[in-house]
Every structure is written in structure tokens, then in C-alpha cells.
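Read through the structure below, which is laid out as C-alpha cells, and then see the notes.
Everything quoted here is computed from the prediction, not taken from an experiment. In listed order, ligands and their atoms are each counted from 1.
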Amino acid sequence: MLFDNINTPADLKSLTIEELPALCDEVRKYLLQSVSDSGGHLASGLGALELTVALHYVYDTPNDRLIWDVGHQAYVHKLLTGRRDQLRTIKKKDGLCGFPRREESKYDDFGVGHSSTSISAALGMALAAKQQGIDRHSIAVIGDGALTAGLAYEALNHAGDIDTEMLVVLNDNDMSISPNVGGLSKYLARLLSGNFYSTMRENSKKILANTPVMKRFARRAEEHTKGMIMPSATLFEEMGFVYYGPVDGHDVIELVKILENIKDINEPKFLHVVTQKGKGYEPAEKDPIGYHAVSVFDLKAGVQKSNKPSTPTYTQVFGRWLCDMAAKDEKLVGITPAMREGSGLVEFSKEFPDRYYDVAIAEQHAVTLAAGMACDGLKPIVAIYSTFLQRAYDQLIHDVALQNLPVVFAIDRAGLVGSDGPTHSGNYDFSYLRCIPNMIVMAPSNEDECRQMLYTAYQQNGPTAVRYPRGKGTGVEPQEEMKELAVGKGEVLRKGNSIAILMFGSLLEEATIAAKAFGATLVNMRFVKPIDEDLIRSLSESHELFVTLEDNAIKGGAGSAVNEFLLEQDISMPVLNCGIPDKYIEHATREEQLEEIGLDGAGIVKQIGEFNQGKYSEHLKTA
Ligand SMILES: Cc1ncc(C[n+]2csc(CCOP(=O)(O)OP(=O)(O)O)c2C)c(N)n1
Ligand SMILES: CC(=O)[C@@H](O)[C@H](O)COP(=O)(O)O
Ligand SMILES: [Mg+2]
């Protein structure tokens, strides 16, 4: 077996080019077995497999810089760079990171996870090499989905204008997580049709047209070129790149030859590679969405759709609410930046196709689009992961909040997200939202409250945010009825003695354990902004310690809001702020992450018991 002896790119280079197709078959089998055993991102890696082998075969990594956009497709990169035996640990506690990570390997040249950064980073490294007289190539591998984000064009605009050698490889599989959308996707198809047919003519139509992936692209090309005038030069050439392609991204020998031919051309280069997401595993080829990210599954049976009825996740609660609210109000529109499935908009997109907008990977555009819609009578819901909303922070402030526009931000994956690790954690939205004037910020303690908060947010005339974690909460089935909550009001769940636990968001089970352990008062604060000042004031008169609790950074978080109020009001009151400490929390399960930072029940008990030299441990009820 060829792959048995391949641990580094140097080993790879010992093979003949003719051996590479067989190697790819072995790597594909290994990848499938490993990811079916461990879970992780799969379809993208299958699609980028031959490209990964060819790049490491031709280029001198790690001296040459190779940057993977998003990085979810880089499992084969990890296999070929000394991490084969660890691949089964990927995304697990103390295991490999799910994305390239500088600290993990000298072959991981740039940390990724958020899309569309690769061209900027690769250009930065190309310029650094040039300025320091280092002989080094710089390559960015970016998908057609990632190429829909504005950041990629900022980089292309710069890279194409300066005579610095670098290579941008577009891995075009016509898929984002969902099918790719937008004019660019159609443009790439037109490119295929123009260059595609000329390439096919040159390289003998029979061979290329009959490869499944090229046949599929031929159909796609036809579809998007009816009556079109073929561009004389591609967009990328107009921006200053030398354009090559499209080429079959599963023909590893062809890829090697092309990469060797263009490697030393001293220009900004753009290689358009066409691939199939999920290539080589029929279930994934047929369902690239379902195999984008997988849990452990049986290779023979494939991923099984779980049909056991259980209480809905927060995401499902949102998706159901969106449809129910849309049925009541025709002004409602739903916007997602390329996360239809993850954010729970599949049902809405089917029931209300004319009010559903997937704007591709374009978070900044999503937010300002919503602002424009809100100016002229619509009620937009921006469904977005907390971590990805970070990319549209200025648009949220400048275009929505400053103009006090009625946009609802349905923020999913808030707080610790588990196996995707620090690049995807939503640890900061309390901190980055509550400082913005006009914002209302809510955090539900269970799935029913999530529904009520979404409804409450929708009733407001200004910008609102409801943030909720990945997965399920306390398993409370949402009521059908939607009712408006009193804005800025929390609720006392449990009256206790001298300690009051002020909980913000989804740590209700953990907070309840701690409240019972100390016989403490437990408060569901519900609103981070406006915070329930009257409740805080009255509780301060009957308690001797506040414990604030949040699945958010302590710094600037909800606990800070309590601290600020007490200080402003000259209320002297000890406060223990429990939340995410000022560091990055590594990938693990969410439960392991919470335990690691003392936000599980026992951890909160320990924090309270040890606070101020154990002053309050006397209140600890004997077990
Ligand atoms: C800024 C940002 N928004 C959204 C995502 C979520 N996301 C991860 S992969 C992906 C699709 C990427 O499509 P493409 O670049 O074509 O890669 P492919 O999966 O097709 O290989 C998206 C939207 C992200 N990682 N970063
Ligand atoms: C790579 C990427 O950014 C997405 O695939 C992300 O991993 C999805 O996260 P969820 O699995 O929480 O939807
Ligand atoms: Mg793609």
C-alpha cells in the first residue's frame, strides 16, 4: 500500500506521478473510514483530495506557504503532513483541531475557520517573502462559496494590482454548504462554458465530457449561458491575474502537470479547478449538504436521519417560530448568509420562498440589506451565528442601530459551541452588543422562552437580538401561543437566603444546581439590555452576595452590566462574575468546555464556595 509509507510531503514526492491516482484512492478510503469513526467535516475534504495531493507534490511545503480557506477541507492536508495517526482525534478534547492551526503544525501556515481570509493571508506572506528576499511560493485554496464574501475581493483587488507572484486556486464545486448562490456562481458557470468548451476541444471532448464532474459542469454551463455573450477576458484577468482553467480537479496527474507548468510564472495566478463535493463516496456525492459535517456513522449504511421525536433544539424552535410569524405578518423576511440548514431556515425557505434570502457568505451585506429593507416597511430577521456576526459588527452599529431600525438578529451558536473550537465560539455577543445604543439584547433560559423572546423582539420598533446556544436547552417544549414579554424585566425563579444567582441565558440547569446547593435565590434575568435595574436594586437590599452567570466572556459581559449599575447607584455589594475567562477555550464537547472553566453545576458551586476566601461556604447545604 502506497499510503502506508506516506507521512510527509517529502514521502509523497518519492512517488512517481503515475502512482498518484492509486495513492488518492487509498487516501480516500482512509479518510472515509477515519471520519466515519470520528465525525467531522467530510464532503469538502473528499472533493479537495486530489488537489491536496497535487499541491503537496508540486510545492515545497512547508517552505512554500499553503493556506486553506475555511479549512474544513484540510483533513487530507493533515493526513499528508504527519498527522495521519491522529486524524481520529479531530475536533475532540486534546485532539486535532478541525481546521488548520499554526500552533498545531509547521505545515499549517495560517489559522482558519471563518471563510474568505486565505487570499489576504497568502498575499501577506508573498509580500513578506518578497521584502525579505526569501524564495518562497504562496498559495491560497479557496472554495466557490468562500469566494462570495467581500473580503476575498478586497484581496483579489490588491493582489492583482501588484506584481507579486502568488497562486489563488479556486476549488469550484458549485456548493457552499447549501448550493452556492448569487451572480458569481452563475458567472463561474459561464466561465466554464467558454473555457470549458475550448479546453474540451483542445483536450479531446470525449475524455473530459465523460468524466462525471465535467459532464455535470457542462450541464451547469449550458444552463447559465443561454444567450450570453462569452467574456473575452475573465473577471480575474481583468483584475490582473493570469487565469488558468477550468481543469478537472479529480485528475491528479493533470493537476500536477498544470501546477508544475505555472509554478514559476512570476505573476499573480488564478487556477480554476472544478471538483465534486463528496467525490468518491456515493452517499456524499448525492447529498453533499448532509455530508458537509457528519457525526459518527456506518460507511455502508451512510448517515442515518434521526427520526426519534424529541424536544426541539433552539435552532428548530427558531425555524418554527419564523414560519409561524411569517404566516401572521407578510412584512417578515428571513435572511441568512449561507447558513440555511445550520440556522434552521430550510422549512421557511420552502414555505415562504419569496421572503427567504440566502445572500451567500456575505454577513456584512446581510446586515445592511436588512437595514435597507427595514427602512422601507419590511421586518427583517437576520439569522446568523454569533461568531459570524462578528464580521458584520460595523454594519450592525452604523447601518442598523444608529438609525434605530427594526431588525431582529436571531443569533444562534451563542456561547461555547464545542467541537468547532475557538474560531466558532460565540463567546462575545453580550459584550459586543450591550454597549451599542438602541440595542435590546435577550437570552432565553429554555426553548419556550426562546420562542417568546423572538416574538417579543419582533414587536419592537428598533434593533433587537435574541441569542441562544447550539443544540437543546432544558428540553421544555415551546407553547404554541406567542406572548410579548415585559422588556427589561427578569423573573425570580427561586427565593433563597443571602446569595442571589443572576443568570443570563441558557445555563439554567447549572444555575439550579448551584442555587440548591447554597439555598440561594435564583433569578432568570432574561435581558442583558435593558437590564432589570429595579430587580437588582431590590435584591441588593435583601442579599449579601450577587453571583452573575453567563455563557459569555466575563469581560464586558452581562455580569459587567450588573457591576456597572451597582457602581453607578453607589450600591455596595460583593459580586462574583461567573462566565468565560479571558482566554480561548479549546475544542471539546460543550459539556467538557463548561466543566473546564467551572460553568457546570459543580464548578459554579466550587466558585461560590471559594469566593472571598470561602466566606460564603457556610451557606453550603450539607449534601
Ligand atoms: C465567515 C463565515 N461564514 C460562514 C461560514 C460557514 N461555512 C463553513 S464552510 C461554508 C461553505 C464554504 O463553501 P466553499 O468555500 O465553496 O467550500 P466547500 O464546502 O464547497 O468545499 C460555510 C458557509 C464560515 N466558516 N465563515
Ligand atoms: C466549517 C464551518 O464553519 C461550518 O461547517 C460550521 O462548522 C458549522 O457549524 P455547526 O455544525 O454548528 O452548524
Ligand atoms: Mg464550494
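When the shell of 6.0 Å around CD of Glu103 is examined, it contains more than 12 heavy atoms from other residues, nucleotides or ligands.
Using a 4.0 Å heavy-atom cutoff, Glu341 is absent from the residues neighbouring ligand 2. Not a single heavy atom of Ala48 sits under 4.0 Å from any atom of ligand 1. At least one heavy atom of His292 lies less than 4.0 angstrom from ligand 2. The shell of residues lying under 4.0 angstrom from ligand 1, judged by heavy atoms, includes Met339.
At a 4.0 Å heavy-atom cut-off, ligand 1 touches Ile177 through backbone and side chain alike. Contacts of Val417 with ligand 2, taken as heavy-atom pairs under 4.0 Å, are absent altogether. At a heavy-atom distance under 4.0 Å, atoms from both the backbone and the side chain of Asp144 approach ligand 1. In Arg413, the part holding a heavy atom less than 4.0 Å from any atom of ligand 2 is the side chain.
Counting protein heavy atoms only, atom 2 (C) of ligand 2 is closest to His424 NE2, 3.5 Å. Among all protein heavy atoms, the one lying closest to atom 5 (C) of ligand 1 is Phe388 CZ, 3.3 Å.
The nearest N/O/S atom of Asp144 to the Mg ion (ligand 3) is OD1.
The nearest pair of heavy atoms linking Leu12 to Tyr57 is O-CE1, 3.4 Å.
For the pair Arg65 and Phe110, the cation does not sit on the ring face, since its NZ or CZ is not both under 6.0 Å from the ring centre and inside 45° of the axis.
Residues Glu595 and Lys93 are not paired through a salt bridge, judged by the lack of any N-O separation under 4.0 Å between the basic side chain and the carboxylate. Ion pairing between a basic and an acidic side chain is recognised when a charged N comes within 4.0 Å of a carboxylate O; Lys279 and Glu50 show no such pairing.
The Mg ion (ligand 3) has no N, O or S atom of Ser44 inside 2.8 Å of it. With a cut-off of 2.8 Å, the Mg ion (ligand 3) has no N, O or S atom of Asp174 in range. For the Mg ion (ligand 3), the set of nearby N, O or S atoms under 2.8 Å includes one belonging to Met175.
The heavy atom nearest to atom 11 (C) of ligand 1, considering only Gly145, Gly71, Ala149, Ser176, is found in Ser176.
For the residue pair Thr315/Arg413, the side-chain donor-acceptor check at 3.5 Å is satisfied.
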